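These numbers were taken from a predicted model, which means no experiment stands behind them.
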Amino acid sequence: MTDIKLFHTGENSVAELQGTAMALEKSLQTLIEKNMEAFLGVRFLASEFATTNGGRMDSLGIDENGSPVIIEYKRASNENVINQGLFYLDWLMDHRRDFEWLVLERFGAEQAKAVDWGSPRLICIAGDFTKYDAHAVNQMNRNIELMRYRRFGDELLLFELLTSTSERTNSEKSVSVPISDVAGAGRARSRQKTVTQYLADADQDLLDLYEATKAFLLALGDDVQTKTLDNYIAFRRLKNFACVEVKPQIRHLKVYLKVNPDTVDLEANFTRDVRSIGHFGTGDLEVIVTDAASLEKAKPLFEKSYDVA
């Protein structure tokens with residue numbers, strides 16, 4: 001569908017490195033599973049997870065927003081990995097406790113309670129996809145990402161996100177299934193207002209500021225998606241690169257970015273290192289956006305976070 005060219009540059013010459021996309025070998029699945037968080041922003045849960053109907057999900061994980069993630073690998077040119085993955089997505093939605101048990105055993109009860117069933121994801125990885133695959137995915141009202149891989153020699157591995165779609169339903173109405181039977185006596189969910197409620201409380205100036213921030217973040221690339229959670233709105237590619245909180249009481253936005261605070265000249269009341277400070281969302285750098293001027297000043301940081309996501 002697309003072509004990536006990678007070159008080795010010498011002092012007096014340039015040589016193209018030839019990328020290969022042979023049938024996806026088991027060793028690549030193993031490599032991805034061992035480094036899933038680094039590659040995809042997804043924490044690994046299980047490999048070859050057996051379903052009750054005789055199928056096996058290649059890889060299963062949970063992303064940084066608490067959404068279940070199924071990863072399927074296309075090993076043969078005639079394998080319909082997208083349909084297969086959709087079948088597993090439907091199975092998973094009907095067997096939520098099985099997934100929550102996995103999260104409970106690996107990450108504990110709090111993480112299991114926080115699983116977000118509003119938008120489970122399917123990531124399909126292959127040496128290549130056809131234009132028909134991309135067209136089909138773009139017609140579906142599901143969270144599906146097609147990712148192509150290329151090997152360049154023995155040491156270089158490239159992942160290219162070819163297309164990414166999100167459910168066009170109201171993502172703010174995420175479904176949460178109590179797991180008191182799994183993790184002990186369930187506690188009531190926090191009574192704290194959600195980010196959606198905070199947006200409803202915001203005055204027009206803060207709403208305009210949020211919309212301007214949102215428009216800039218979305219315009220950073222065609223691959224940007226949004227996900228509304230209880231406490232923040234995530235802007236992501238494969239991984240989050242900006243998590244936005246709305247603070248109507250003090251009339252500003254807090255944006256958490258995946259930017260190393262050590263690379264930034266921190267300014268009081270604008271940027272803060274939050275590596276050792278608990279907060280919602282993901283990212284080590286907090287940026288406070290209070291008006292159009294601070295938004296303009298924040299834009300290079302937004303771009304920097306997008307580039308590394």
K.L.:
With a 4.5 Å limit on heavy-atom distance, are the side chains of N231 and Y198 in contact?
P.N.:
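Side chain of N231 against side chain of Y198, heavy atoms only: no contact under 4.5 Å found.
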K.L.:
Quick check: do T282 and K239 have side-chain heavy atoms less than 4.5 Å from each other?
P.N.:
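No, their side chains stay 4.5 Å or more apart.
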K.L.:
How close do L45 and L102 get, heavy atom to heavy atom, and via which atoms?
P.N.:
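Minimum heavy-atom contact is CD2-O, 3.9 Å.
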K.L.:
Do R142 and L122 touch side chain to side chain, with heavy atoms closer than 4.5 Å?
P.N.:
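Heavy-atom side-chain distance check fails, nothing below 4.5 Å.
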K.L.:
Looking at every non-hydrogen atom in both residues, tell me the closest pair between A309 and F241 and how far apart they are.
P.N.:
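Taking every non-hydrogen atom into account, CB-CB, 3.5 Å.
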K.L.:
Output yes when a side-chain donor or acceptor of Q139 lies under 3.5 Å from a complementary backbone atom of A136, and no otherwise.
P.N.:
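Between the backbone of A136 and the side chain of Q139 there is no qualifying donor-acceptor contact (under 3.5 Å).
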K.L.:
Counting only heavy atoms not in D222, do more than 12 sit closer than 6.0 Å to its CG atom?
P.N.:
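Not more than 12 within 6.0 Å, no.
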K.L.:
Have N240 and N65 got a donor and an acceptor in their side chains that come within less than 3.5 Å?
P.N.:
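Indeed, the side chains of N240 and N65 share at least one donor-acceptor pair under 3.5 Å.
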K.L.:
Between Y88 and N53, is the side-chain hydrogen bond (donor to acceptor under 3.5 Å, both in side chains) condition met? List the steps.
P.N.:
CA-CA 10 Å; Y88 290 144; N53 53 23; over 6 Å; no
K.L.:
Kindly indicate whether a cation-pi arrangement holds for R148 with F129, taking the cut-offs as under 6.0 Å to the six-membered ring centre and within 45° of the axis.
P.N.:
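No, R148 and F129 do not form such a contact.
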K.L.:
With side chains defined as the heavy atoms from C-beta onward, is the minimum distance between L238 and M147 less than 4.5 Å?
P.N.:
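Yes, close enough: below the 4.5 Å cut-off.
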K.L.:
Return yes if some donor-acceptor pair links the side-chain N/O of R150 with the main-chain N/O of E160 below 3.5 Å, else return no.
P.N.:
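No; judged by distance alone, with no hydrogens or angles, the pair does not exist.
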K.L.:
Apply side-chain contact (heavy atoms from CB on, under 4.5 Å) to L40 and I32, showing your working.
P.N.:
CA-CA 9 Å; L40 306 174; I32 291 172; 4.3 Å; yes
K.L.:
Quick one: do R236 and E64 make a salt bridge, cutoff under 4.0 Å?
P.N.:
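No.
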K.L.:
Indicate yes or no for a side-chain donor-acceptor contact from S305 to the backbone of L301 under 3.5 Å, with no hydrogens or angles considered.
P.N.:
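Not at all, since once roles are kept as given, no pair shorter than 3.5 Å links the two residues.
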K.L.:
Would you say that more than 12 heavy atoms from the other residues, nucleotides or ligands in this model lie under 6.0 Å from the NZ of K34, or not?
P.N.:
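12 or below, so no.
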K.L.:
Side chains of P68 and L92: closer than 4.5 Å at any heavy-atom pair?
P.N.:
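SC-SC contact between P68 and L92 confirmed.
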K.L.:
Quick one: does any side-chain atom of H95 pair with a main-chain N or O of W91 as donor and acceptor, under 3.5 Å?
P.N.:
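Checked: pair present.
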K.L.:
Going only through I, L, V, M, F, W and Y residues with side-chain contacts under 4.5 Å, is there a path from M93 to F99?
P.N.:
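M93 clusters together with F99.
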K.L.:
Using every non-hydrogen atom in the two residues, find where A242 and V255 come nearest and quote the distance to one decimal.
P.N.:
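Heavy atoms of A242 and V255 come nearest at CB-CG1, 4.1 Å.
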K.L.:
Applying a strict under-4.5 Å side-chain criterion to I, L, V, M, F, W and Y, I'd like to know whether V195 and I288 cluster together.
P.N.:
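Result: no, two separate clusters.
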K.L.:
Inspect the contact between E145 and R121 and indicate whether a charged nitrogen and a carboxylate oxygen are less than 4.0 angstrom apart.
P.N.:
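Judged by the 4.0 Å cut-off on N to carboxylate O distance, R121 and E145 do form a salt bridge.
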K.L.:
Answer yes or no: are there more than 12 heavy-atom neighbours, outside N269 itself, under 6.0 Å from its atom CG?
P.N.:
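Open.
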K.L.:
Indicate yes or no: at least one non-hydrogen side-chain atom of F235 is less than 4.5 angstrom from one of T226.
P.N.:
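In contact.
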K.L.:
Restricting to non-hydrogen atoms, name the atom on L285 and the atom on V274 that form the minimum distance, rounded to 0.1 Å.
P.N.:
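Looking at all heavy atoms of both residues, the closest pair is N-CG2, 4.1 Å.
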K.L.:
Please list every donor-acceptor pair under 3.5 Å in which a side-chain atom of residues 247-254 meets a protein atom from a residue at least two apart or in another chain.
P.N.:
unit_1 : atom_1 : unit_2 : atom_2 : d
K247   : NZ     : E245   : OE1    : 3.0
R251   : NE     : D203   : OD2    : 2.9

K.L.:
Any heavy-atom pair between the side chains of V287 and V259 that's under 4.5 Å?
P.N.:
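No, every pair of side-chain atoms sits at 4.5 Å or beyond.
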K.L.:
Rounded at 0.5 Å granularity, tell me how far CZ in F302 sits from CG in L220.
P.N.:
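One finds 9.0 Å between CZ of F302 and CG of L220.
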K.L.:
Please report the shortest heavy-atom distance between I62 and F107, naming the atom on each side.
P.N.:
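Taking I62 first and F107 second, the nearest heavy atoms are CG2-CE1, 4.1 Å.
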K.L.:
Which donor-acceptor pairs under 3.5 Å do side chains of residues 206-219 form with protein atoms, sequence neighbours excluded?
P.N.:
unit_1 : atom_1 : unit_2 : atom_2 : d
D208   : OD1    : Q204   : NE2    : 2.9
T213   : OG1    : L209   : O      : 2.9

K.L.:
Within the 4.5 Å heavy-atom criterion, are M140 and I82 side-chain neighbours or not?
P.N.:
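Heavy-atom side-chain distance check passes, below 4.5 Å.
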K.L.:
Report yes or no: do V308 and L157 belong to one cluster of Ile/Leu/Val/Met/Phe/Trp/Tyr joined by side chain heavy-atom distances under 4.5 Å?
P.N.:
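Unlinked, V308 and L157 end up in two clusters.
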K.L.:
Looking only at heavy atoms, what is the nearest atom pair of F280 and Y256, with distance?
P.N.:
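That closest heavy-atom pairing would be O-CD1, 3.8 Å.
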K.L.:
So, are E48 and R56 salt-bridged, with charged N and O less than 4.0 Å apart?
P.N.:
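Salt bridge flag = no for R56 with E48.
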K.L.:
Report the residues that fulfil side chain to side chain contact (heavy atoms under 4.5 Å, CB included) with E37, sequence neighbours left out, ordered by chain and then residue number.
P.N.:
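E37 satisfies side chain to side chain contact (heavy atoms under 4.5 Å, CB included) with R43 once adjacent residues are dropped.
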K.L.:
Could you check whether any side-chain N or O of D133 sits under 3.5 Å from a backbone N or O of T130, counting only pairs where one atom can act as donor and the other as acceptor?
P.N.:
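At least one qualifying donor-acceptor pair exists.
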K.L.:
Atom CZ of residue position F7 - does it have more than 12 heavy atoms of other residues, nucleotides or ligands inside 6.0 Å?
P.N.:
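Buried by this count: over 12 neighbours within 6.0 Å.
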K.L.:
Please confirm whether the backbone N or O of F39 pairs with a side-chain atom of N35, one donor and one acceptor, at under 3.5 Å?
P.N.:
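It does not hold such a pair.
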K.L.:
Are the side chain of E72 and the backbone N or O of D58 linked by a donor-acceptor pair below 3.5 Å?
P.N.:
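Checked: pair present.
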